[in-house]
Asker: 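I'd like to ask you about the structure that follows.
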Amino acid sequence: MNIDFTEQELAFRDEARSWLHDNVPAKPLPPLDSAEGFAARREWEATLAEARWSVVSWPAEYFGRDASMIEWVLFEEEYYRSGAPVRVAQNGISLLAPIIFGHGTQEQRDRYLPSMANGTEIWAQAWSEPEAGSDLASIRSTATRDEARGGWVLNGQKTWSSRAPYADRGFGLFRSDPDAERHRGLTYFLFPLNADGITIRPIPQLDGHPGFAEIFFDDVFVPDADVLGAPGDGWRVAMSTAGNERGLSLRSPGRFCAAADRLVALWRERGADQPHLRDRVVDSWIAAQAYRLYTWGTVTRLSGGGDIGAHGSVNKLFWSQLDVALHETALDLLGPESELRGPDAAADGAWLDGYLFSLSGPIYAGTNEIQRNIVAERLLGLPKGGRAR
């Protein structure tokens with residue numbers, strides 16, 4: 001692990017810190033999954049892109065800065081430390097864009113990346129189905145070849161599609177060869193959510209806002225130009241996405257370090273009367289720092305030509321469990337006040353909102369039960385357990 005930063009890297013960090021200090025909204029934006037919050041974050045994405053802080057590791061022609069991986073992680077740390085808004089473009093820039101860079105055509109890069117970077121087009125992740133969640137290879141939604149029109153016809157249903165209630169476009173896998181083996185015959189498609197034949201049905205969360213949606217496909221035509229990678233090669237493309245989601249890009253350590261610092265501040269304010277919670281506060285802070293150092297170890301490995309691979313599952317297990325534990329500790333410190341809303345409430349309900357979101361962490365990006373199997377079999381070399389048939 002190398003955390004000896006160069007003068008150039010430190011200068012990049014300081015420039016980011018200064019810009020964020022001057023530009024992060026002074027007041028919290030409305031909830032992300034409300035119509036107002038979604039619109040406000042589109043504007044924030046445009047502000048970031050205009051100053052070339054939206055996608056710092058991308059090439060300059062796509063609103064980037066050609067930043068190194070180290071500089072990107074440094075920016076992420078500063079972003080969360082500043083209290084900047086949650087990124088509404090995250091599905092696109094963190095999960096889809098690396099795949100477009102790796103598997104997409106030049107035409108697809110030119111067509112999709114600029115609008116993704118500046119928030120003009122927000123993307124929904126359309127993977128899970130009613131009977132295919134962590135077992136993604138079980139998907140049943142179909143893609144039928146339409147030679148006459150030069151494309152494919154999609155039918156089926158996706159569920160728990162993040163950002164879908166307000167997003168512009170979606171990406172997901174469809175079974176293009178029903179006779180192929182489970183992990184073969186899948187194709188990765190990009191599609192507009194306002195296409196003929198698509199129906200969006202929002203799914204309200206505990207806070208009443210629709211953070212997810214069901215997407216229904218009824219003879220939806222998608223041209224060949226919107227196939228990502230080769231037809232039938234969707235599983236390999238999707239696993240590249242899954243590595244990003246479970247590993248380095250989706251849950252930056254800066255997010256947890258910033259939350260741990262807020263927890264320590266909360267302890268200093270309220271912990272005198274609750275000494276029994278001291279060790280949990282310390283454990284959360286240490287775990288956040290451990291995750292940060294583990295991430296820098298991953299960066300070092302990738303910089304040396306390695307890959308994330310199954311180690312992404314270790315990451316996913318760690319950050320999802322840390323997120324729940326950290327927020328539970330904060331709620332216990334706040335006691336009954338944690339459930340209050342309004343300007344005079346403790347943290348204005350922010351800790352409770354964070355806790356509700358943290359509960360989904362052990363489920364999305366592949367349930368933690370599945371991730372433990374991956375770690376056991378692929379990293380520890382343990383024998384495969386029994387599989388339900």
Side-chain angles (χ1 to χ4, degrees), residues 1-24 44-45 47-87 89-90 92-95 97-102 109 113-114 116-118 240 243-262 264 285-309 311-312 314-316 318-319 322:
M1 177 179 61
N2 181 14
I3 52 175
D4 294 325
F5 305 123
T6 66
E7 290 185 7
Q8 177 181 334
E9 290 161 351
L10 293 174
F12 181 91
R13 181 200 64 186
D14 293 343
E15 182 185 356
R17 181 180 296 175
S18 176
W19 187 89
L20 289 164
H21 177 270
D22 294 339
N23 289 276
V24 168
W44 173 242
E45 296 292 344
T47 300
L48 286 168
E50 184 178 4
R52 296 193 177 273
W53 290 115
S54 173
V55 283
V56 296
S57 62
W58 291 14
E61 61 264 34
Y62 301 128
F63 290 102
R65 288 174 174 248
D66 291 297
S68 68
M69 186 179 302
I70 290 174
E71 290 170 332
W72 171 70
V73 176
L74 288 172
F75 172 77
E76 289 287 294
E77 290 186 348
E78 294 304 320
Y79 189 88
Y80 285 101
R81 184 179 288 116
S82 72
V86 175
R87 303 288 301 274
Q90 188 176 59
I93 63 176
S94 296
L95 301 181
I99 311 309
I100 292 180
F101 278 117
R109 288 192 280 271
L113 294 178
M116 187 185 297
N118 64 19
S240 299
N244 287 312
E245 186 175 23
R246 295 168 187 161
L248 187 60
S249 66
L250 183 63
R251 288 291 169 254
S252 165
R255 175 176 182 263
F256 301 107
C257 289
D261 288 343
R262 295 199 308 273
V264 170
W285 188 88
I286 291 174
Q289 296 301 317
Y291 181 53
R292 175 177 181 266
L293 295 176
Y294 184 89
T295 298
W296 281 115
T298 300
V299 170
T300 302
R301 184 170 71 253
L302 293 174
S303 299
D307 57 27
I308 294 178
H311 292 276
V314 177
N315 257 14
K316 199 271 177 173
F318 194 89
W319 62 249
L322 165 61

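This is a predicted model, so every value here is computed, not measured.
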Asker: Using side chain to side chain contact (heavy atoms under 4.5 Å, CB included), reason through Asn315 and Tyr294 one step at a time and then give a plain yes or no.
Answerer: CA-CA 8 Å; Asn315 257 14; Tyr294 184 89; 2.7 Å; yes
Asker: Got Phe75 and Leu20 here, is their nearest side-chain heavy-atom distance under 4.5 Å?
Answerer: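 Yes, side chains in contact.
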Asker: Do any N or O atoms from the side chain of Ser54 and from the backbone of Glu50 form a donor-acceptor pair under 3.5 angstrom?
Answerer: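 The answer is no, because no donor-acceptor pair under 3.5 Å joins these two groups.
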Asker: How close do Asp4 and Glu9 get, heavy atom to heavy atom, and via which atoms?
Answerer: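 Answer, listing the atom of Asp4 first, then Glu9: O-OE1, 4.4 Å.
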Asker: Do Phe5 and Ile70 come within less than 4.5 Å of each other through their side chains, counting heavy atoms only?
Answerer: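 Contact flag for Phe5/Ile70 side chains = yes.
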Asker: Any side-chain to backbone donor/acceptor pair from Ser82 onto His21? Under 3.5 Å, distance only.
Answerer: no
Asker: Quick one: closest heavy-atom pair of Ala49 and Phe63, and the distance?
Answerer: O-CD2, 3.4 Å
Asker: Going by the rule side chain to side chain contact (heavy atoms under 4.5 Å, CB included), which residues pair with Asp66 if we only count those two or more places apart in sequence or in a different chain?
Answerer: Pro59, Ala60
Asker: Can you tell whether the side chains of Arg87 and Glu76 come within less than 4.0 Å, N to carboxylate O?
Answerer: no
Asker: Check the angle between the aromatic planes of Trp44 and Tyr79 and answer parallel, tilted or perpendicular using the 30° and 60° thresholds.
Answerer: tilted
Asker: Between Leu322 and Ala287, which heavy-atom pair has the shortest distance, and what is it?
Answerer: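 Closest approach of Leu322 to Ala287, heavy atoms only: CD1-CB, 3.7 Å.
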Asker: Looking at residues at least two apart in the chain, or sitting in another chain, which of them share a side chain to side chain contact (heavy atoms under 4.5 Å, CB included) with Ala51?
Answerer: Trp19, Trp53
Asker: What are the two closest non-hydrogen atoms of Trp285 and Val264, and how far apart are they?
Answerer: CD1-CG2, 3.8 Å
Asker: Nearest 0.5 angstrom please: Tyr291 OH to Phe256 CZ, how far?
Answerer: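 Those atoms lie 6.0 Å apart.
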Asker: Do Glu71 and Arg13 sit within salt-bridge range, that is, some charged N less than 4.0 Å from a carboxylate O?
Answerer: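 Judged by the 4.0 Å cut-off on N to carboxylate O distance, Glu71 and Arg13 do not form a salt bridge.
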Asker: Keeping the roles fixed (side chain from Arg65, backbone from Arg52), state whether a donor-acceptor pair exists under 3.5 Å.
Answerer: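 A pair under 3.5 Å: yes.
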Asker: Distance check, rounded to the nearest 0.5 Å: Asn118 atom CG versus Thr47 atom OG1?
Answerer: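 Going from CG on Asn118 over to OG1 on Thr47, the span is 10.5 Å.
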Asker: Working note: Val56 + Phe12, criterion side chain to side chain contact (heavy atoms under 4.5 Å, CB included); need CA distance, chi angles, decisive distance, verdict.
Answerer: CA-CA 10 Å; Val56 296; Phe12 181 91; 4.0 Å; yes
Asker: Roughly how far, to the nearest 0.5 Å, is CG of Leu74 from CZ of Arg17?
Answerer: 9.5 Å
Asker: Go through Met116 and Ile100 one step at a time and tell me if the side chain to side chain contact (heavy atoms under 4.5 Å, CB included) criterion holds.
Answerer: CA-CA 11 Å; Met116 187 185 297; Ile100 292 180; 4.1 Å; yes
Asker: Restricting to non-hydrogen atoms, name the atom on Arg109 and the atom on Phe101 that form the minimum distance, rounded to 0.1 Å.
Answerer: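 Scanning both residues, the minimum pair turns out to be NH1-O, 3.3 Å.
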Asker: Should we say atom CD of Glu61 is surrounded by more than 12 heavy atoms from elsewhere, each under 6.0 Å from it?
Answerer: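 For Glu61, atom CD is crowded (more than 12 foreign heavy atoms under 6.0 Å).
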Asker: Any side-chain to backbone donor/acceptor pair from Ser18 onto Asp14? Under 3.5 Å, distance only.
Answerer: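 Checked: no pair found.
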Asker: Test of understanding: with side chain to side chain contact (heavy atoms under 4.5 Å, CB included), list the residues that count as partners of Ile286, not counting sequence neighbours.
Answerer: Val282
Asker: Provide the closest heavy-atom pair for Val24 versus Gly83 in the form atom of the first, atom of the second, distance.
Answerer: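 Closest approach of Val24 to Gly83, heavy atoms only: CG1-O, 4.0 Å.
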